[in-house]
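To start, the structure under review is shown below, and the notes come after it.
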Amino acid sequence: QLACPLDLGCHSVTAEGSWLGSLDFYKPGSPKDRKRYFDIRIAREHKPVPVEDPLPSDCRFRQDLICLKAGDVENSQKWKHFLEEKQRREKKLRNGTLSPSEKLKDLHAESPFHQPATLEEADEFDADE
């Protein structure tokens, strides 16, 4: 039971519904006297407003989407594959099913556009070109 969000003449209500459909409130013991608070069929359109300082995990920073937007389908596919492998690995880590060889695997080094992590590695990277 919740504090009464609508004028139902009571101090608490029962909420019932689904985010896929609707949300109704009614007085405890009076389910026939419902007040509909939300209905997806008549919901107003909501357009998200980007924040000024988004988190690094914001989907606008996904490399696969950046490449795709730029028309680089090949690299977009490489990034998408890399992200999917990373997600599978993280799931195995959470479930405790990661094999010893998988634990040693450096996914960052296997990214489609590996960036040097240290100055020494950057020098090696420059020397290879």
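What you are looking at is a predicted structure, and each value in this text was computed from that prediction instead of being measured.
The minimum heavy-atom distance between Pro56 and Phe61, with the atom names listed, is O-CD1, 3.5 Å. Contact between Leu20 and Ile40 at its shortest, heavy atoms only, is O-CG2, 3.5 Å. Contact record, Lys80 with Asp64: CD-OD2, 3.4 Å, taken as the closest heavy-atom pair. Between Ala15 and Leu23, the shortest heavy-atom distance links the atoms CB-CD1, 4.3 Å.
In this structure, CD1 in Ile42 is found 9.5 Å from OG in Ser22, a value given to the nearest 0.5 Å. Note that CH2 of Trp79 and CD of Glu84 are 13.5 Å apart. Values are rounded to the nearest 0.5 Å. One distance of note links CD of Glu90 with NZ of Lys92; it measures 12.5 Å at 0.5 Å rounding. The line from NZ of Lys69 to OG of Ser76 is 13.0 Å long, rounded to the nearest 0.5 Å.
Proximity of a side-chain donor or acceptor of Asp72 to a complementary backbone N or O of Asn75 within less than 3.5 Å is detected. In this structure, Asn95 contributes its side chain and Thr97 its backbone to no donor-acceptor pair below 3.5 Å.
With a 4.5 Å cut-off on side-chain heavy atoms, Arg60 and Pro50 count as touching. Glu16 has its side chain within reach of Tyr26: a pair of non-hydrogen atoms, C-beta onward, lies under 4.5 Å apart.
Of the candidates Arg88, Gln87, Arg89, Arg88 is the only one forming a side-chain hydrogen bond (donor to acceptor under 3.5 Å, both in side chains) with Glu85.
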Where do Ile66 and Arg62 land on the side chain to side chain contact (heavy atoms under 4.5 Å, CB included) test, with the steps shown first?
CA-CA 6 Å; Ile66 292 169; Arg62 280 185 39 189; over 6 Å; no
Pair Glu74, Lys78 - check salt bridge (charged side-chain N to carboxylate O under 4.0 Å, His left out), show working.
CA-CA 7 Å; Glu74 184 179 335; Lys78 288 178 184 178; 3.7 Å; yes
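Hydrophobic clustering (ILVMFWY, side-chain heavy atoms < 4.5 Å, transitive): Leu65 and Leu83 are in distinct clusters. Linking ILVMFWY residues whenever their side-chain heavy atoms come closer than 4.5 Å, directly or via other members, places Phe38 and Phe25 in the same cluster.
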